[in-house]
Amino acid sequence: MDKKYECTVCGYIYDPKEGDPDNGIKAGTAFKDIPDDWVCPVCGAGKDQFEPVD
Amino acid sequence: MQPVALNDFIYWVGAIDWDLRNFHGYMTQRGSTYNAYLIMDEKITLIDTVKYYLYDEMIERISKVVDPSKIDIIISNHVEMDHSGGLPRLMELCPNATLITSPNGAKGLETHYKKHWNYKIMKTGDSIQLGKTSLQFILEQMVHWPDNMACYMPQTKILFSNDAFGQHLATSERFDSQYPLDIIMLEAKKYYANIVLPYDTQTQKVLDAVSTLDIAMIAPSHGIIWKDHVGAIVTQYNNWAANKTKEKALIIYDTMWNSTKLIAHAIKNAFEQKHIPVQMYDLKTIHISDIMTDVLDAKYICVGSPTLNNNMLPTVAAFLTYCKGLAPKNRVGLAFGSYGWGGQSVAQVEAILAEMGWKLLPAIKVNYVPDAQLLVTIAQQVFENLHTM
């Protein structure tokens with residue numbers, strides 16, 4: 001299963017199982033497959049400010 | 001209780017919290033204000049409310065201009081209760097009013113108040129027409145909550161900035177020309193250091209957006225309105241968001257039997273010898289939120305604690321936890337302390353300084369009481385190590 005990613009700014013966790021349907025990311029989308037212009041739904045941080053959660 | 005006119009159709013109708021001294025752990029020795037703004041255009045509009053216990057004060061001010069039940073649009077720029085606390089009663093008074101907020105604002109208000117209000121959600125770039133004037137919206141995500149938003153009225157060049165550019169300052173004066181500027185600036189600095197500091201990247205985004213606007217007035221949600229000194233406060237925000245520091249040292253410590261204090265003063269001597277301004281803070285005598293004001297532009301931060309029961313002192317732990325959350329960057333740290341046995345405190349302090357990504361000067365750890373010779377040696381070593389920074 002694809003990894004979860006955590007926003008280093010606010011702590012939001014992107015879970016590929018859930019996706020981010022409010023912002024057009026379907027459930028089941030791996031973090032690497034999210035478009036580059038997607039931002040953290042909580043704090044607006046860019047994709048590059050996310051780190052994988054072990 | 002009077003409204004204060006910003007021009008011939010916009011009024012400050014907020015509330016003054018004269019007695020506030022502790023804002024969730026931030027000492028507000030000068031009290032605060034919660035600023036709400038009433039726009040008397042074709043659509044009568046209110047920007048933000050006040051804390052719940054000052055609702056009647058806000059209503060009294062609004063009533064001097066217009067019947068509050070006639071408000072058509074209420075803008076909630078921030079979910080935090082010092083600005084949204086008046087909403088539940090106001091929405092009962094104006095059930096047909098449109099409640100304008102950010103995407104995260106709607107989520108936050110709904111979750112907090114459990115009310116299905118008539119929301120209209122705005123994002124950066126959206127605007128609404130009020131009549132002869134309009135408001136453009138700018139999301140201020142994480143300055144300092146996910147929901148923060150600002151609005152700009154191009155016709156009057158007023159930026160309603162919400163928490164950005166605010167200060168905790170209770171006064172009946174509303175404009176920066178009416179109150180000592182050094183106190184306004186100091187309180188703006190303290191506000192930034194204690195509220196906005198962790199979010200430098202996000203603040204920079206807001207500053208970039210603000211730099212494209214022609215601004216005559218910044219009307220924040222706390223304290224004084226910027227009118228004569230708009231350029232000065234925007235410049236300061238740019239410096240703070242860039243983590244620009246000065247050649248300035250802070251020595252922050254607590255002590256049990258004076259040994260850690262003796263080390264603190266030896267370190268101070270080294271900075272004096274280097275002609276670097278230095279400030280001593282014994283944590284028993286000053287509040288951590290006041291220390292943060294000074295941390296905001298200090299390059300060198302030295303933190304000392306003796307070892308108590310295999311740990312640093314709780315006062316030092318409290319300061320470091322608070323400071324780590326506020327995440328000042330690009331500093332030089334130095335951990336120091338004395339111990340009888342065990343001696344874990346210095347490594348514990350240093351670990352937190354390292355976690356913040358600071359450069360470190362070699363730590364200083366003394367068993368029992370440092371004698372005069374050792375204190376001279378410590379000062380000499382710190383002086384020499386400063387050359388490497």
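What you see below is based on every heavy atom in this structure, not just the backbone, and it leaves out hydrogens, waters and symmetry mates. The chains referred to below are lettered A, B, ... by the order of the sequence lines, with proteins before strands, and numbering in each begins at 1. All values derive from a computational prediction rather than experimental measurement.
Between atom SG of residue Cys43(A) and atom CH2 of residue Trp145(B) there is a gap of 15.0 Å, rounded to the nearest 0.5 Å. Residue Gln141(B) holds its CD atom at 9.0 Å from SG of Cys10(A), rounded to the nearest 0.5 Å.
For the pair Val42(A)/Lys107(B), no side-chain contact is recorded, criterion being any heavy-atom separation below 4.5 Å from C-beta on.
Other residues, nucleotides and ligands place more than 12 heavy atoms under 6.0 Å from the NZ atom of Lys47(A). Heavy atoms from other residues, nucleotides or ligands lying under 6.0 Å from NZ of Lys329(B) number more than 12. For Asp22(A), the CG atom counts as densely surrounded, since its 6.0 Å shell holds more than 12 non-hydrogen atoms of other residues, nucleotides or ligands.
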